[in-house]
A.B. asks: 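I'd like to ask you about the structure that follows.
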Amino acid sequence: MQLYAGIHISDGKCVNPNKAHYLKNHIITSDPVKLALYWQEMGATYLHVVDLDAATMGYPVNGHIVRDIVNAVRIPIQYGGGIRTIKDIDAFLTMGVSRIIIGTQAILNPHFLKEALHIFGTERIVVGIDADNGMVAIEGRARISNFNSITLAQNVENIGVETIVYTDVLCATNMNGPDIENTKEMINRTHLNIIYSGGITSLNDLEYLMSCGADGAMIGTSLYTNKIRLDEAVMLCKRGEKGE
């Protein structure tokens, strides 16, 4: 299972993506580049970078920070937030981002998703599905759509998508563990590579996700709050790859 270390950017700073950060202004660091280098030093093999402002505004806001991170680290980066046009995708891939996560626009405009897959290929385009009580949240999770998360996953798979980032919003907010049951259902009802995000608080949670067949896991809040040490999580996933 591939582990993704999170960096969530707002107003040029790294913040806790939990809802609480909007109330408490929970800033992790004012230097996201420094955090990216630290995750790399701790053994991270992939970064998951999200522009929270862009997700809400609908266009890239902190692109210069993403560029600085790309230029600073040696490991690959998947980026999400405010991607609405082919030009946006091309700009981030050109600056060196390895994969682009499309959320709202992939859901509201399947033609755009098809075009992106055709131009850039399935390895570089990932769909983000945020599930709130089984329904898909869009526009930075500010609005609940009429799409069921599993039905949407099946639809984007039929279009040609190979990988999704599946986030359980309630689990991500409460931080009481991941939604293993719905993740298993997502895995069993699709042939997608599924990266799970939301509520991972321990190495046991990562082991559960590995055992149910998740292809990846993204951890952010638990790293920020020291509930999980990144180096230990990386070692656990490496042991899993070796079948230990």
Side-chain angles (χ1 to χ4, degrees), residues 4-39 44 46-70 72-73 77-85 88-89 91-93 95 97-108 125-132 136-145 149 164-175 195-200 216-225 227 230:
Y4 298 82
I7 298 178
H8 298 79
I9 303 170
S10 179
D11 193 26
K13 303 173 181 64
C14 179
V15 299
N16 190 329
N18 246 328
K19 285 185 178 179
H21 101 261
Y22 294 105
L23 302 176
K24 299 178 182 178
N25 193 29
H26 193 178
I27 298 171
I28 305 304
T29 175
S30 59
D31 191 347
V33 176
K34 186 175 180 179
L35 181 62
L37 288 167
Y38 180 67
W39 286 162
Y46 222 118
L47 296 179
H48 175 94
V49 179
V50 179
D51 185 340
L52 296 174
D53 299 331
T56 302
M57 298 296 290
Y59 55 86
V61 177
N62 293 286
H64 60 294
I65 303 293
V66 179
R67 179 181 290 104
D68 290 345
I69 292 173
V70 169
V73 301
I77 295 168
Q78 65 179 19
Y79 166 83
I83 297 295
R84 300 289 191 272
T85 68
D88 290 338
I89 298 174
F92 281 98
L93 292 178
M95 78 168 62
V97 168
S98 298
R99 288 200 305 221
I100 298 295
I101 304 167
I102 307 175
T104 298
Q105 191 72 339
I107 295 158
L108 299 181
I125 302 297
V126 176
V127 169
I129 297 178
D130 293 350
D132 191 331
V136 178
I138 57 176
E139 297 173 0
R141 302 180 185 172
R143 184 160 70 91
I144 304 301
S145 72
S149 58
I164 65 168
V165 177
Y166 171 61
T167 303
D168 186 286
V169 174
L170 188 61
C171 290
T173 301
N174 295 335
M175 291 303 295
I195 302 167
Y196 178 83
S197 169
I200 299 170
M218 194 288 293
I219 46 178
T221 296
S222 288
L223 293 180
Y224 304 149
T225 57
K227 288 185 177 180
L230 180 57

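Side chains are part of it too, since the values below use all heavy atoms of this structure and drop only hydrogens, waters and symmetry mates. Everything quoted here is computed from the prediction, not taken from an experiment. We number each residue from 1, following the sequence as shown.
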A.B. asks: Please find the pair of heavy atoms, one from Ile219 and one from Ile200, that lie closest to each other, and give the distance.
C.D. replies: CG2-CG2, 3.5 Å
A.B. asks: Mind checking whether Asp168 and Tyr196 have side chains closer than 4.5 Å, heavy atoms only?
C.D. replies: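 The answer is yes; the side chains approach within 4.5 Å.
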A.B. asks: Tell me the closest heavy-atom pair linking Ser98 and Leu93, and the distance in Å.
C.D. replies: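 Closest approach of Ser98 to Leu93, heavy atoms only: O-CD2, 4.0 Å.
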A.B. asks: Hey, could you give me the CG/OG1 distance between Asn16 and Thr221, rounded to the nearest 0.5 Å?
C.D. replies: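 Between Asn16 CG and Thr221 OG1, I get 4.0 Å after rounding to 0.5 Å.
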A.B. asks: Rounded at 0.5 Å granularity, tell me how far CD1 in Ile102 sits from CD1 in Ile107.
C.D. replies: 10.5 Å
A.B. asks: Any side-chain heavy-atom pair from Tyr38 and Thr29 closer than 4.5 angstrom?
C.D. replies: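 Heavy-atom side-chain distance check fails, nothing below 4.5 Å.
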A.B. asks: Report, as yes or no, whether the 6.0 Å neighbourhood of atom OH on Tyr46 holds more than 12 heavy atoms from other residues, nucleotides or ligands.
C.D. replies: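 Yes, enclosed.
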A.B. asks: What's the spacing between Ile164 CD1 and Ser197 OG if we round to 0.5 Å?
C.D. replies: 11.5 Å
A.B. asks: Is there a side-chain contact between Val70 and Tyr79, using heavy atoms and a 4.5 Å cut-off?
C.D. replies: no
A.B. asks: Could you report the tightest heavy-atom contact between Ile101 and Ile83, atom names first, then the distance?
C.D. replies: O-CG1, 4.1 Å
A.B. asks: Given side chains that start at C-beta, do those of Ile125 and Ile89 come closer than 4.5 Å, heavy atoms only?
C.D. replies: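 Touching, per the 4.5 Å side-chain cut-off.
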A.B. asks: Which heavy atom of Ile77 sits nearest a heavy atom of Val97, and at what distance?
C.D. replies: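 Closest heavy-atom pair between Ile77 and Val97: O-CG1, 3.4 Å.
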A.B. asks: Which value, rounded to the nearest 0.5 Å, describes the distance between Ile69 atom CD1 and Asp31 atom CG?
C.D. replies: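 These two atoms lie 9.0 Å from each other.
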A.B. asks: Is there a side chain to side chain contact (heavy atoms under 4.5 Å, CB included) between Val66 and Asp51 once you walk through the steps?
C.D. replies: CA-CA 8 Å; Val66 179; Asp51 185 340; 5.5 Å; no
A.B. asks: Report the distance from atom NZ of Lys13 to atom CG of Leu35, rounding to the nearest 0.5 Å.
C.D. replies: 14.5 Å
A.B. asks: Taking all non-hydrogen atoms of both residues, which atom of Ala131 and which atom of Tyr166 are closest, and how far apart?
C.D. replies: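 Heavy-atom minimum between the residues: CB-CE1, 3.7 Å.
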A.B. asks: With side chains defined as the heavy atoms from C-beta onward, is the minimum distance between Ile9 and Asp53 less than 4.5 Å?
C.D. replies: no
A.B. asks: Hey, are the side chains of Ile195 and His48 touching, using non-hydrogen atoms and a 4.5 Å cut-off?
C.D. replies: no
A.B. asks: Looking at every non-hydrogen atom in both residues, tell me the closest pair between Ile7 and Cys14 and how far apart they are.
C.D. replies: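 Between these two residues, the closest heavy atoms are CG2-SG, 4.3 Å.
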A.B. asks: Distance only, no hydrogens: is a donor on one side chain within 3.5 Å (strictly under) of an acceptor on the other, for Tyr224 and His8?
C.D. replies: yes
